[in-house]
Peer 1: 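So that we are looking at the same thing, I have put the structure below in structure tokens.
Hydrogens, waters and symmetry mates play no part in the numbers below; they use all other heavy atoms, side chains included. In this chain, residues are counted from 1 in sequence order.
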Amino acid sequence: MRSSILRVWNTILDFIFPKTPLVRELERMEADEFASLVERASHPPGKGMIACFDYRDKLVRTAIWELKYRGSKKMARLLAAALYDELLAFLEEYAPLMGFTEPLLVPIPLSKAREAERGFNQCELLAAVLMELDGGRNFTFSRALAKHRDTPSQTKQDTRKKRLENLRDCFAADSSAVGNRNIILIDDVATTGATLEEAQKTLLRAGARKVIAFTVAH
């Protein structure tokens, strides 16, 4: 059902917004080439958060738009492969020092209404590729976090305070799944970090040991 909705949606988008030469270039690109061409994120979105690339970079912004609004599997693979290198570097260098072992990989969820409307969750598309690349060697996939309350778009909230208020108590976590576990949160874009911060708080209240968030761009 979701795949048929996505096909229809992409057909409409292709008609209204035909793929640009830049999109076609990105579709042919390998992750290492992409990572070498784009700007790195200059600073983290917040505490316990790691961002890979600068959202202001045209290549980054275009790739994320294709993922977020078209559900492009090619962009999911490109961005997830670049993100995977960052995850491995973190797990190899810092995780042993932090006791960050056997983590769960948890994508930021959409509300049921928003996911039904869109036909996919772009963060789950990223997580699926990450799991495929990893083969279960370093982390385990989990849908232990849910968004049980639909919220107005964060882009309509003009201050960090409003973004935090907009998201308050919108997530719920399965304590039986996350209790005493380390968590890697996956998101596509962090602006102020408000979404990731609320998700971190929810998981920690449910008994998670440590929560580190990774986002493609900031």
Peer 1: Side chains of Leu185 and Ile212: does their closest heavy-atom pair fall under 4.5 Å?
Peer 2: no

Peer 1: If we only count heavy atoms from C-beta on, is the Arg143 to Phe141 side-chain gap below 4.5 Å?
Peer 2: yes

Peer 1: Looking at every non-hydrogen atom in both residues, tell me the closest pair between Ile184 and Phe214 and how far apart they are.
Peer 2: CG2-CD1, 3.8 Å

Peer 1: I'd like to know if Ile64 and Ile108 are part of one continuous hydrophobic network [Ile/Leu/Val/Met/Phe/Trp/Tyr, side-chain heavy atoms within less than 4.5 Å].
Peer 2: no

Peer 1: To the nearest 0.5 Å, tell me how far Leu78 CG sits from Arg28 CZ.
Peer 2: 12.5 Å

Peer 1: So which atom in Leu91 and which in Phe139 form the shortest heavy-atom distance, rounded to 0.1 Å?
Peer 2: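 Scanning both residues completely, I find the closest heavy atoms to be CD1-CD2, 4.0 Å.
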
Peer 1: Please step through side-chain contact (heavy atoms from CB on, under 4.5 Å) for the pair Phe90 and Met98, ending with a clear verdict.
Peer 2: CA-CA 11 Å; Phe90 167 78; Met98 299 169 59; 4.1 Å; yes

Peer 1: Out of Thr215, Asp187, Leu196, Val211, which residue meets the side chain to side chain contact (heavy atoms under 4.5 Å, CB included) rule with Met49?
Peer 2: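 Single side chain to side chain contact (heavy atoms under 4.5 Å, CB included) partner of Met49 among Thr215, Asp187, Leu196, Val211: Leu196.
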
Peer 1: Using only atom types and a distance under 3.5 Å, with no angle test, would you say the side chain of Asp57 pairs donor to acceptor with the backbone of Val38?
Peer 2: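 Pair absent, no side-chain N/O of Asp57 close to backbone of Val38.
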
Peer 1: When you compare the side chain of Leu203 with that of Leu145, does any pair of heavy atoms fall below 4.5 Å?
Peer 2: yes

Peer 1: With side chain to side chain donor-acceptor pair (under 3.5 Å) as the rule and sequence neighbours excluded, what pairs involving residues 101-111 come up?
Peer 2: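 Qualifying pairs: Ser111-Asp150.
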
Peer 1: Taking the side chain as every heavy atom from C-beta outward, state whether Leu126 and Leu79 have any atom pair closer than 4.5 Å.
Peer 2: yes

Peer 1: Determine, stepwise, if the pair Asp188 / Gln122 fulfils side chain to side chain donor-acceptor pair (under 3.5 Å).
Peer 2: CA-CA 7 Å; Asp188 56 343; Gln122 72 275 10; 3.2 Å; yes

Peer 1: Rounded to the nearest 0.5 Å, what separates atom NZ in Lys58 from atom CG in Leu37?
Peer 2: 14.0 Å

Peer 1: Salt bridge check: are Glu86 and Arg40 linked by an N-O gap of less than 4.0 Å?
Peer 2: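 Salt bridge present between Glu86 and Arg40.
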
